[in-house]
Structures are given as structure tokens and as C-alpha cells.
Amino acid sequence: MVGSLAEPTDVPVRRAAVRRCGGAAVRQHGAVRAISLPPVPYGSTAVRPGWADLPAGLRDALAARIGGPPAAVRVAGGGFTSGFAAVLTGPAGESVFVKAAALDGQRHLVDWYAHEAAILARLPAGLPVPRPRWALTESGWYALALDAIDGHTPRLPWAPAELDAALATYAQVAAALAEPPAELAALRLPRLADLARDDILWWGEVAARREPLPEQAAGAPLAELVALESRLPGYADAAPGLAHGDLRVDNLLIDPDGRAWLCDWPWLCHGPAWFDLAGLLLTAYAGGLDADAAFAGHPAAAGAPADALDVTLAALAGYFLTGAAAGPSTASPHLRAHQRWSGEQALGWLAERRGWSWARPTPAP
């Protein structure tokens, strides 16, 4: 349980931008579009070790930190990694959220957790983010303890109040990171522009026939997709602030007071906040809300290039759809379905915005 923090900054999020549509369809740009719910159970996407699966020495070390053997262990079901993640409640009733991974075999997770701890410790005060408590290495494992947030993952389709809370939290975070604090800059964070060139831009690979055309994009204007996504590195290079890098519905928690907390910070990078905002709003678009207005009315989009949303949607569509075709994942059995659905939403939203009309294949149930 997190102690009380400073009240959030009063952020001018345009509440009219997130309208709830009653029913199973929404009229968008003159056409009726069915609401699409993800085929992925975001609360149970991970396959993780349980408490009993941890080495005895690690269990003893963790128990010593929380004042004795845990009275309760609640393993996190969400996420797309295979590390240990659980809320541990000590004998006195205090809880911490612990992530742990093996030094041998899960070194990438160990590095992510340690990097996340360094980021969280340096974020500006007062933000609704979990803070690191302590870390230890024992029995060949690394463990990181964070504040345990008492909250739930936002429900889909989005409830307007929960989306309002998520947008308000991100407005606060984006404002705090618009000028990178010196402590964070010292970490030598990656640049979104470089990440885009190396890993995000895929339509160019498809056009050059180095990657197959995703079936969802059959008949789509490939040349326009290539042109749109190619603008992302230049736009990202011109942005002075920091972006969370992985803003999505299952990295948010809504607490009992209705405030949204932003979790999972290892991908912080130099880049525009509007890139994060577009990624978050994929689920709002899928749920029948006016995602265009939510984007345009959000402070993170202020000053963005006129086509920033289209550029981001093009890049995300290619990134997700080509990733979904990469074969089974050892990280999570639900990862490819998440990528496929996310890519379909990005491409469908972009098509509506650009007025493209082609017979897109019907997504598999």
C-alpha cells in the first residue's frame, strides 16, 4: 500500500474528448464501427514462477526484508515476461511489490529491473508512480521491491472516468518530463529516434520484400505507410522531452480514489510524449471512444506535428503486425495475439483517419 502523496497537478484534460458510446457500435466518420475487445486476458497474460518455485535462500532473504514469512503472496497475472512478480504482504500487514529474475538465464530481466529502479528513484517527486524500496541479490537471483499500488487494471472497454484518470496522470507525467531532469539525463537513456530506426519501422522492410506483407494490410496503400512511418525518427529527434516508451492499458493501475498510477518504467527514452499518448489510445479507439478528440485535446499533443498521430499509427501498425507474425513467443503465450490485435487497431484507426477504403481481412475470432 502506498502512503499519501501530493495531490496531482490540476491538468486541463478536455473531458469532452472522451465520450462513452452506449451499445456495441459507434458511428465514426459516417460509418458504424463495431467495438473491438482484445482477445488477450490482460490480467492473466504472464506465466510466472510462484513463491514456492523461488530458491529457498531467496525466499529467506525476502522474508527477512518484510519482517518474516509472508502472510500473503499475490502473484501478478499481467505482463509479457516470465520473471517472478508478486505483492508480498509481511506479518505486520505491510505490502511491497517484488520483481525477481535469475542471473543465469534471465539476465535481460535482471538488467531491466535494475534499470527501472534507477529510473524510478530519479523521477520528479509527486508523480503517481511506484518508488523503489530496496533490492538484493541472493541464491543467483536479483530481486527488486517497489511500492505496492492498491489498484486494478483499467477495465475494457474503457469507462470514461478511468480513461479521464489515465489521461490526467499522463498529462502530469509528460509535463514533469518535458525538460529531462539532470538526474535522469545522466542515465544516458536511449533515443526513440534510434529505437525507431532499429526496431519500430517495418513498412519499409515490407516494401523492400525483406519482410512479408501482413495479411491484415493486404491492399493497403503500402507506399503511404512507408512515407508516414519514415517521418517518425525526425519528429522524435526534434522532441526535447522524455517518453515512458510503453504506455498501455496494462501498465496502469486505478486506485480506490480513482487516480491512475503509471507502472513499468524500464523503457524511458528521449522522445515525444504524443508517441506514448497514441499508443495508449489504441484501446480507446477499439472501445468506441472518440480517440481522435482525446489525442487532439491532450496537453501531450500540444505542438505536435499535424500528422504526428498518423505517423505514430503507421509505425505502430507495422511494428505490431510484423511482430505478431514472428512465431510463438517464449515470453508469453498471449504476446502474439496482443500484437496482432494492437496492430489491427492501429491500422484500422489510421485507415479511418486517412479515408482509405480497401477490403481489410476480417480478424480471426
Side-chain angles (χ1 to χ4, degrees), residues 36 38-40 80 108 189-239 243-248 267 269-272 274-282 285-286 295 304-332 334-364:
S36 175
V40 175
F80 294 97
H108 62 295
L189 300 169
R191 305 191 67 82
L192 177 62
D194 297 329
L195 298 174
R197 295 184 187 101
D198 294 342
D199 192 42
I200 296 176
L201 305 186
W202 285 98
W203 294 118
E205 298 295 304
V206 172
R209 300 192 176 184
R210 290 188 290 268
E211 288 289 330
L213 177 70
E215 62 175 322
Q216 295 85 350
L222 184 57
E224 194 168 351
L225 286 167
V226 173
L228 284 170
E229 74 164 9
S230 68
R231 297 172 199 162
L232 180 59
Y235 287 174
D237 259 336
H244 176 271
D246 198 20
L247 182 58
R248 59 178 201 253
W267 308 118
C269 60
H270 294 275
W274 47 257
F275 181 84
D276 277 335
L277 180 62
L280 173 65
L281 289 173
L282 286 181
Y285 164 81
F295 182 89
D307 60 352
L309 179 54
D310 290 357
V311 164
T312 304
L313 291 175
L316 291 178
Y319 170 76
F320 282 127
L321 291 177
T322 53
S329 167
T330 58
S332 165
H334 299 285
L335 177 59
R336 300 307 181 209
H338 159 72
Q339 292 173 321
R340 186 175 303 108
W341 182 83
S342 298
E344 289 167 354
Q345 301 315 306
L347 189 58
W349 186 5
L350 179 62
E352 288 186 5
R353 288 180 51 81
R354 306 291 290 190
W356 296 340
S357 58
W358 86 93
R360 297 192 297 277
T362 302

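- In this structure, the separation between SG on Cys269 and CG on Leu192 is 4.5 Å, given to the nearest 0.5 Å.
- Summarising the geometry of Pro233 relative to Leu201, their closest heavy-atom pair is CG-CD1, 3.7 Å, with the distance given to 0.1 Å.
- Separating the CG atom in Leu213 from the CD atom in Glu205 is a distance of 13.5 Å, to the nearest 0.5 Å.
- No hydrogens or angles considered: a donor-acceptor pair under 3.5 Å links the side chains of Glu352 and Tyr285.
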- Are Phe80 and His334 close enough, and set up right, to give a ring pair (Phe, Tyr, Trp, His ring centres under 6.0 Å), and what steps lead you there? CA-CA 8 Å; Phe80 294 97; His334 299 285; 7.9 Å; no

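- Side-chain contact check for Leu321 versus Gln339: every heavy-atom pair is 4.5 Å or farther apart.
- Atom CG of Leu281 and atom CD of Gln345 lie 12.5 Å apart (nearest 0.5 Å).
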- prompt: Between His338 and Leu335, does a side-chain contact (heavy atoms from CB on, under 4.5 Å) hold up when you go through it step by step?
  reply: CA-CA 5 Å; His338 159 72; Leu335 177 59; 4.3 Å; yes

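- At a threshold of 4.5 Å between non-hydrogen side-chain atoms, the residues Leu225 and Leu347 count as touching.
- Every salt bridge (charged side-chain N to carboxylate O under 4.0 Å, His left out) that Arg231 has, sequence neighbours left out, goes to Asp307.
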- Is there a side-chain contact (heavy atoms from CB on, under 4.5 Å) between Asp310 and Arg353 once you walk through the steps? CA-CA 8 Å; Asp310 290 357; Arg353 288 180 51 81; 2.5 Å; yes

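- Arg336 contributes a side-chain N or O that, together with a main-chain N or O of Gly323, makes up a donor-acceptor pair within less than 3.5 Å.
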| field | Criterion side-chain contact (heavy atoms from CB on, under 4.5 Å) on Leu350 and Leu228, from CA distance to verdict | value | CA-CA 11 Å; Leu350 179 62; Leu228 284 170; 4.2 Å; yes

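- Between Arg197 and Asp194, at least one side-chain N (NZ, or NE/NH1/NH2) sits under 4.0 Å from a carboxylate O, which counts as a salt bridge.
- In this structure the side chain of Glu344 never reaches within 4.5 angstrom of the side chain of Phe320, judged on heavy atoms.
- Nearest heavy-atom pair across Ala243 and Pro272 is CB-O, 3.7 Å.
- A distance of 7.0 Å separates CG of Leu222 from CH2 of Trp203, quoted to the nearest 0.5 Å.
- For Ser36 and Trp341, the side-chain atoms include at least one donor-acceptor pair closer than 3.5 Å.
- A heavy-atom distance below 4.5 Å is found between the side chains of Leu277 and Phe295.
- The environment of Tyr235 atom OH is dense: over 12 non-hydrogen atoms of other residues, nucleotides or ligands sit within 6.0 angstrom.
- Not a single salt bridge (charged side-chain N to carboxylate O under 4.0 Å, His left out) links Arg209 to another residue, sequence neighbours left out.
- Side chain of Asp276 to backbone of Gly245: a donor-acceptor contact under 3.5 angstrom is found.
- For Glu229 (side chain) and Gly204 (main-chain N/O), a donor-acceptor pair under 3.5 Å exists by modelled atom type.
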Legend entry - Candidate pair Glu211 and Trp202, rule side-chain contact (heavy atoms from CB on, under 4.5 Å), full reasoning: CA-CA 8 Å; Glu211 288 289 330; Trp202 285 98; 3.5 Å; yes

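- In this structure, Leu309 and Ala278 approach most closely via the heavy-atom pair CD1-CB, 3.7 Å.
- With rounding to the nearest 0.5 Å, the separation of CH2 in Trp349 from CG in Leu316 is 9.5 Å.
- In this structure, Leu232 CG and Phe275 CZ are separated by 6.0 Å, a value rounded to the nearest 0.5 Å.
- Between Val206 and Val226 the shortest side-chain heavy-atom distance does not fall below 4.5 Å.
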